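Below is one structure, written out as structure tokens; comments come after it.
Bear in mind that the values here come from a model prediction, so they are computed numbers and not experimental data. Computation of the quantities below employed the complete heavy-atom set of this structure, encompassing side-chain atoms and omitting hydrogens, waters and symmetry-equivalent molecules.
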Amino acid sequence: MIETTLFKATSLALKQQQIDLKIEDEASFFKMMLNGGLSGLIIPYLDPQAYSSKFIHKCNGVLYSFIDKDQKQKVLIAQIKTLFQKEHIDHIFLKGTKLKTLYPESYMRGMGDIDILVRSDLDVIKNLFKKMGIELESRTLQHDQYITPEGLLIEIHPSIHRDFNPKYQAYFKTAWNHTKLVEGYEYTLLPTFEVIYLVYHLAKHVESSGIGLRSLLDIAIYIEKNVDSIDQKALNETLESLQMTKFFQTILYLNHTYFEIEVPLLDPSFT
């Protein structure tokens, strides 16, 4: 089955090994790889001799677009960091910006928009961005969305707790209490809190729009890279209080089953 081949290809890519698996239907594999958000990870490891020239050409086109966007996003992130440091704006880069750094190459983990949590008057940021040619596209209770002249998207979040389910609000409204200083006015979420935030964000998408395979993978990779900094007791107690323990274990189990990852924190008795 194509799904099984995709899972195995992902597993090989995570080990940074060449992929020369037999693909019965290259068109279906390509579509599934793209929809699952796994293209940037898998394509660099494909053996070009094992597949049709048409398939490899299409894959290379996707890969080049991933690399191009990644480079542009890196430049934009650096510009935002410089701006916010200069203007004394407390900020935290959320989700994709952090997760990209955990993959073998940052372009392997595509990112739709740059999410940033801030402690600032949003109109101050709007005026600063306007001077850079970055225009406000929309404003909601959840975030302000901006677009750059190159078409890159930025979401500025005043909080991460106004959401689809009120049971999470009391915990996530304390986000700034779970941070450490990176430098100047840039902060990062502490790993224990960040794992819970990533799981919660995934749960939100499950309830609303669905998820891609890469979203599952993100959490396993994050835990692998940060397990020594995670307070497992606090993590388990918080997940239990938020009624997310089973969902969390399901994520880890699926990573173990689909991608052959020996995920730390997976309960061996969970099935």
Legend entry - Spatial distance of atom CD1 (I156) from atom CD (Q142) [nearest 0.5 Å]: 15.0 Å

Inset, instruction - Indicate whether the side chain of N177 and that of T174 have a donor and an acceptor atom separated by less than 3.5 Å. - result: no

Inset, instruction - State whether the side chain of D70 and the backbone N or O of F66 hold a donor-acceptor pair below 3.5 Å, judged by distance alone. - result: no

Inset, instruction - Taking the side chain as every heavy atom from C-beta outward, state whether H178 and E194 have any pair of such atoms under 4.5 Å apart. - result: no

Inset, instruction - Could you tell me whether the side chains of Y45 and D20 share a donor-acceptor contact shorter than 3.5 Å? - result: no

Inset, instruction - Test salt bridge (Lys or Arg N to Asp or Glu O under 4.0 Å) on E26 and K58 and set out the steps. - result: CA-CA 11 Å; E26 291 180 346; K58 285 178 66 177; over 6 Å; no

Legend entry - Option among K126, H157, R139 that satisfies the side-chain hydrogen bond (donor to acceptor under 3.5 Å, both in side chains) test with D144: R139

Legend entry - Donor + acceptor pair across side chains of S106, K74 (<3.5 Å): yes

Inset, instruction - Kindly indicate whether a cation-pi arrangement holds for K100 with Y107, taking the cut-offs as under 6.0 Å to the six-membered ring centre and within 45° of the axis. - result: no

Inset, instruction - Could you go through the side-chain hydrogen bond (donor to acceptor under 3.5 Å, both in side chains) check for E240 and T245 one step at a time? - result: CA-CA 5 Å; E240 189 68 30; T245 301; 3.1 Å; yes

Legend entry - Lys NZ or Arg CZ of R119 over Y187 ring: under 6.0 Å, within 45°: yes

Legend entry - Distance-only side-chain donor-acceptor flag, K180 / T188, under 3.5 Å: no

Legend entry - Under 3.5 Å: donor-acceptor pair, side chain of T101, backbone of T97: no

